[in-house]
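Here is the structure we will look at, set down as structure tokens.
None of the values given here were measured: they were computed from a predicted structure.
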There are 2 protein chains.
Amino acid sequence: MTRGRPIAFSPDEAATAAMQVFWARGYDAASTRDLLAAMHISRSSLYQAFGSKEQLFLEALRRYREALIGRLGRRLETVPTAMTFLEALFRETADEAGSERAALGCLIFNSATELGQRGDLPSHHARQSLAAITELFHLAVVQAQREGDIAQERDAEALATYLTMGMAGLRTLLKSGADIDQARQAVGLLLDTLRR
Amino acid sequence: MTRGRPIAFSPDEAATAAMQVFWARGYDAASTRDLLAAMHISRSSLYQAFGSKEQLFLEALRRYREALIGRLGRRLETVPTAMTFLEALFRETADEAGSERAALGCLIFNSATELGQRGDLPSHHARQSLAAITELFHLAVVQAQREGDIAQERDAEALATYLTMGMAGLRTLLKSGADIDQARQAVGLLLDTLRR
DNA sequence: CGATATATGGAACGATCGGTCCATATAGAG
DNA sequence: CTCTATATGGACCGATCGTTCCATATATCG
């Protein structure tokens, strides 16, 4: 079937490595040389397989988003109640305070803040990814309403936006070195709003 | 007294112009050429007067912080109650949704997210500036407690951190194109927490 | 008037950027 | 085996980065 020399690396692993570089350094600050080193491929292979730095980023962001939303979506189905899902998610994030993981943040929030105002494809995809997070929060809120943990008459869309805002703010706090007590207290107040 | 050729520009105006460039483009993305064009001075004058791009940024951030904190602090003293101050601040920010002003964001939150994880001077000053915002919120919360709008037994520090988190999240929402209704609803929920 | 000290404009520097190009390697097809 | 098609390594490109340097302009001091 296929002719010519076969690929000598796993595009999957390479894309994952690229994702980690974009995650740690940001879109602009991640140089193609950084990416090549992490992906363990040559410059030719990068451009052959992914086209450009921009397209590679879109692929990396897509993978991150699908992995995150997929993982959280599955967890939402597994967990006893949607309310415990939301509580655990925010509390676990708060507990990252001070760690290297906290300094990394979330690729989606990182990208939304870095690229939010540009009009290019990366900016558009970052916004869409943020919207996907809000959608997931919306699912969780609606489920919590069904389960009786959030009053039916409350606006699920507004609560979902509020949770996205809270997570974005929490990520900012963690990135600027908030300690674990500060993060936990702020998250506690955030979650109080859900029950009212 | 002084010898030699006198300066031909206002360092004050030049620093203000630089601040606006850093505000709009971010620290890394603001090139010295961008800065020179906005400041209307020559490359030599920039390095003569400010030393380096890094020092110029520190000066710009300092001016922004002092102007912001000063303005808000004065407003807090002028306004009828601290609670109305907080409400007006968040509601007015939400109402920026969709505007160019919203796309700009706040230099302090922008810098905290861009530089939060680096160990250099700009990073350190960005964190300090974020802490200054939390301090202002703390002042407002304590005053609101004195004025009877927030219960005395509530943790003023935790509420201050919560407000900083909320403003950071709101800025992120605005940067990623949230519309005015979303922003207003999220802010409404945020402010509900103050009264509980 | 020099003499001196600072400011300015702009050329130039080495480093790094994303991307291209080409010679070479390596597979399958006939 | 030859032919063909794709992959790879790495030199190279022009653009841009922050910064330095130097000749020149412009002020004050004696």
Side-chain angles (χ1 to χ4, degrees), chain A residues 1-15 17-61 111 114-115 118-123 125, chain B residues 1-15 17-61 111 114-115 118-123 125:
Chain A
M1 289 302 206
T2 57
R3 294 238 282 209
R5 180 174 170 178
I7 253 185
F9 63 95
S10 153
D12 220 78
E13 288 175 17
M19 180 197 79
Q20 289 166 334
V21 174
F22 283 123
W23 191 359
R25 315 257 285 115
Y27 176 62
D28 280 331
S31 74
T32 53
R33 285 154 187 85
D34 291 336
L35 292 162
L36 295 180
M39 298 165 81
H40 297 108
I41 64 176
S42 83
R43 184 162 290 270
S44 299
S45 302
L46 190 156
Y47 282 89
Q48 174 86 2
F50 299 100
S52 68
K53 176 182 170 181
E54 177 176 287
Q55 288 176 266
L56 176 60
F57 173 77
L58 296 182
E59 173 64 20
L61 179 59
S111 303
E114 178 185 0
L115 312 171
R118 318 214 299 214
D120 54 7
L121 271 173
S123 164
H125 283 237
Chain B
M1 290 296 198
T2 57
R3 294 239 283 212
R5 180 174 170 177
I7 253 185
F9 63 95
S10 154
D12 220 76
E13 289 175 18
M19 181 197 79
Q20 288 166 334
V21 174
F22 284 123
W23 190 358
R25 317 256 288 114
Y27 177 61
D28 279 332
S31 74
T32 53
R33 286 156 186 85
D34 291 336
L35 292 163
L36 295 180
M39 298 166 80
H40 297 108
I41 64 176
S42 84
R43 187 162 289 271
S44 298
S45 301
L46 190 156
Y47 283 89
Q48 174 87 1
F50 298 101
S52 66
K53 176 183 170 180
E54 176 174 289
Q55 287 175 266
L56 176 59
F57 173 77
L58 296 182
E59 173 63 21
L61 179 59
S111 303
E114 178 186 358
L115 313 171
R118 316 212 303 213
D120 54 7
L121 270 174
S123 164
H125 284 235

Practice prompt. Please tell me which of A:K53 and B:S44 maps to the more 5' nucleotide of DNA chain C, matching each residue to the nucleotide holding its nearest heavy atom.
Written response: B:S44
Practice prompt. Search all heavy atoms of A:A18 against all heavy atoms of A:A60 and return the closest pair with its distance.
Written response: C-CB, 4.5 Å
Fill in: Closest non-hydrogen atom pair between A:P122 and A:L115, with its separation
CB-CD1, 3.8 Å
Worksheet item: Does a side-chain N or O from B:S42 land closer than 4.0 Å to OP1 or OP2 of C:dG9, or not?
Response: yes
Round to a whole Å and report the spacing from [atom1] of [X] to [atom2] of [N].
X     : N      : atom1 : atom2 : value
A:Y47 : D:dG10 : OH    : P     : 17 Å
A:E54 : C:dG19 : CD    : P     : 8 Å
A:L46 : D:dT8  : CG    : P     : 11 Å
B:F50 : C:dT8  : CZ    : P     : 11 Å

Worksheet entry | For B:R118, salt bridge (Lys or Arg N to Asp or Glu O under 4.0 Å) partners two or more places apart | B:D28, B:D120
Worksheet item: Listed by chain and number, what are the side-chain contact (heavy atoms from CB on, under 4.5 Å) partners of B:A30, not counting sequence neighbours?
Response: B:V21, B:F22, B:R25
Practice prompt. Output all residues satisfying side-chain contact (heavy atoms from CB on, under 4.5 Å) with B:L46, sequence neighbours left out; order by chain, then residue number.
Written response: B:L35, B:L36, B:M39, B:I41, B:L56
Worksheet item: How is B:S45 classified with respect to the nucleic acid when contacts are heavy atoms under 4.0 Å: base, sugar-phosphate, or nothing?
Response: sugar-phosphate
Worksheet item: When you measure from every atom of DNA chain D, which of residues 5-15 of chain B have a heavy atom less than 4.0 Å away?
Response: B:R5, B:P6
Fill in: N/O donor-acceptor pair, side chain A:S52 with base C:dG19, under 3.5 angstrom
no
Partner set under side chain to side chain donor-acceptor pair (under 3.5 Å) for [X], not counting sequence neighbours:
X     : value
B:S31 : B:D34
B:T32 : B:R43
A:S45 : A:S42

Could you list the protein-to-nucleotides 2-4 of chain C atom pairs, N/O on both sides, closer than 3.5 Å?
from: C:dT4; atom 1: O3'; to: B:R3; atom 2: NH2; distance (Å): 2.9

Taking distance alone, no hydrogens or angles, what donor-acceptor pairs closer than 3.5 Å link side-chain atoms of residues 4-15 of chain A to residues at least two apart or in another chain?
from: A:S10; atom 1: OG; to: A:D12; atom 2: N; distance (Å): 3.3
from: A:S10; atom 1: OG; to: A:E13; atom 2: N; distance (Å): 3.0
from: A:D12; atom 1: OD1; to: A:R63; atom 2: NH2; distance (Å): 3.1

Worksheet, complete the sentence: So, with a heavy-atom separation below 4.0 Å from DNA chain C, the residues of residues 24-39 of chain A are A:A30, A:S31, A:T32, A:R33
Worksheet, complete the sentence: Between the OH atom in A:Y27 and the NZ atom in A:K53, the distance rounded to the nearest 0.5 Å is 5.5 Å
Worksheet item: Do the side chain of A:E114 and the main chain of A:G26 share a donor and acceptor less than 3.5 angstrom apart?
Response: no
